Amino acid sequence: MTDLITVRVTAREEQGDGVVLLTLASMTGVELPSFSAGAHLDLHLTDGLVRQYSLCGDPQDRQYYRLGILHSPVSRGGSTAACALKPGDKVQVSAPRNLFPLVEEGENALLVGGGIGITPLLAMAHALHLADRPFALHYCGRSRQSMAFLAELAAVPWAGRVVLHISDEGSRLDPKALFDGAPDDRHLYACGPEGLMQALTDAAERAGLAADCLHQESFTPAAPCGGEAFEVSIPALDVTVQVGESQSIVQALAQAGVRVKVSCEQGICGTCLANVLEGTPDHRDQYLTEEEKADNDQVILCCSRARSARLVIEVFEVE
Ligand code: FES
């Protein structure tokens, strides 16, 4: 796990339908660790809850981190705790981490955000504007009242590049039209609900967009952890367990009395990260980067499995 930073909430604002905008600043006034557009950070909340939120501010700004958090009506505690933070509160965060970066070579960027999925794309728009690279930001919502950031988007220097798609005003996004006449060197960056993401993927494929030009960040958790059974050993604890076809490693270890510390249990937060000493993981998480997954020396225990018959691991935190 990365070292944590303690920050203070300096502003809280409610916008749209259940969106809370938080501004976080360093406790000491020193600059915060830098981040690149598309990055997120882990917010460490009460009772060991850890939740990930995209940084939606300007990456140039090293004084503040800005987060846009949707208070989920089916919250398992994370968004409720995050949205309850108020100015003056201290909270621990991880250093920013980017699993959704802008590619350097992409000349024309189509940014598409649905609902709260707009947040990483705001940081991307700031970065592309600063780099003087062409882009358009398409922001989709049910109604003007439900959408956060509208006043801000009207005031940014790149406001002319923002296109709003508002369902109850009849301007719902047509994914197919998005690609009509778009230049060949375009890259699509999309974040939003599953239906929007699938429609964009289908339209991009039909338009002939190369797979490596399609960049998505999804709200959906990691793939279900089922698959072939395999064995997991932890030499330091002298434990070996069989992980069943529909079990996670965390569950199999718990049956043997080894309670690995978990938080999101969806392969997002990294709390259950372990080192791999032997064997090859079958990565199902959204925490490790593609490079880290290729190294095969770490595994997320709440959702990933094994490609080999046996994994030998080293766990960091057990309860
Ligand atoms: S508990 Fe969050 S990644 Fe496993």
Side-chain angles (χ1 to χ4, degrees), residues 1-5 38-55 67 69-70 72 74-82 91-100 120 191 216-227 230 232-234 237 239 241 243-277 279-307 311-319:
M1 296 288 292
T2 52
D3 290 341
L4 298 181
I5 311 157
H40 70 270
L41 51 69
D42 299 339
L43 209 50
H44 288 250
L45 300 157
T46 50
D47 299 330
L49 286 172
V50 184
R51 291 293 181 267
Q52 291 65 44
Y53 297 105
S54 296
L55 288 153
L67 306 176
I69 301 168
L70 178 66
S72 168
V74 291
S75 171
R76 294 184 299 133
S79 71
T80 297
V91 64
Q92 287 196 307
V93 299
S94 66
R97 185 174 169 82
N98 201 341
L99 301 177
F100 186 42
C191 182
Q216 296 193 349
E217 187 164 73
S218 170
F219 297 162
T220 50
C225 73
F230 57 99
V232 168
S233 290
I234 308 176
L237 301 179
V239 165
V241 296
V243 181
E245 289 178 2
S246 56
Q247 253 186 332
S248 69
I249 300 175
V250 165
Q251 290 166 340
L253 289 171
Q255 280 183 349
V258 178
R259 303 195 68 82
V260 174
K261 191 168 180 204
V262 292
S263 178
C264 73
E265 297 184 72
Q266 296 183 330
I268 300 171
C269 71
T271 301
C272 63
L273 185 71
N275 278 340
V276 176
L277 306 176
T280 308
D282 176 3
H283 299 288
R284 309 271 183 100
D285 64 279
Q286 296 171 36
Y287 177 77
L288 295 171
T289 63
E290 290 309 312
E291 292 77 21
E292 288 168 337
K293 286 176 181 172
D295 288 343
N296 281 331
D297 57 2
Q298 299 179 93
V299 63
I300 290 290
L301 301 179
C302 66
C303 64
S304 292
R305 301 186 65 81
R307 294 191 190 284
L311 274 187
V312 181
I313 62 172
E314 174 188 38
V315 294
F316 301 116
E317 290 198 78
V318 287
E319 293 174 326

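Order of listing sets the numbers, starting from 1, for every ligand and every atom in it. None of the values given here were measured: they were computed from a predicted structure.
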Quick one, L45 and R51 - any side-chain contact, counting heavy atoms below 4.5 Å? yes
Side chains of I313 and N275: does their closest heavy-atom pair fall under 4.5 Å? no
Near atom 2 (Fe) of ligand 1, which protein N/O/S atoms fall under 2.8 Å? C264 SG, C269 SG
E292: what forms a salt bridge (charged side-chain N to carboxylate O under 4.0 Å, His left out) with it, not counting sequence neighbours? R97
Starting from the C-alpha separation in whole Å, work towards a yes-or-no answer on salt bridge (charged side-chain N to carboxylate O under 4.0 Å, His left out) for D282 and R284. CA-CA 6 Å; D282 176 3; R284 309 271 183 100; 3.1 Å; yes
Could you tell me which residues satisfy side-chain hydrogen bond (donor to acceptor under 3.5 Å, both in side chains) with Q92, sequence neighbours excluded, listed by chain and number? none
With sequence neighbours excluded, what pairs up with T280 under the side-chain contact (heavy atoms from CB on, under 4.5 Å) test? N296, R307, S308
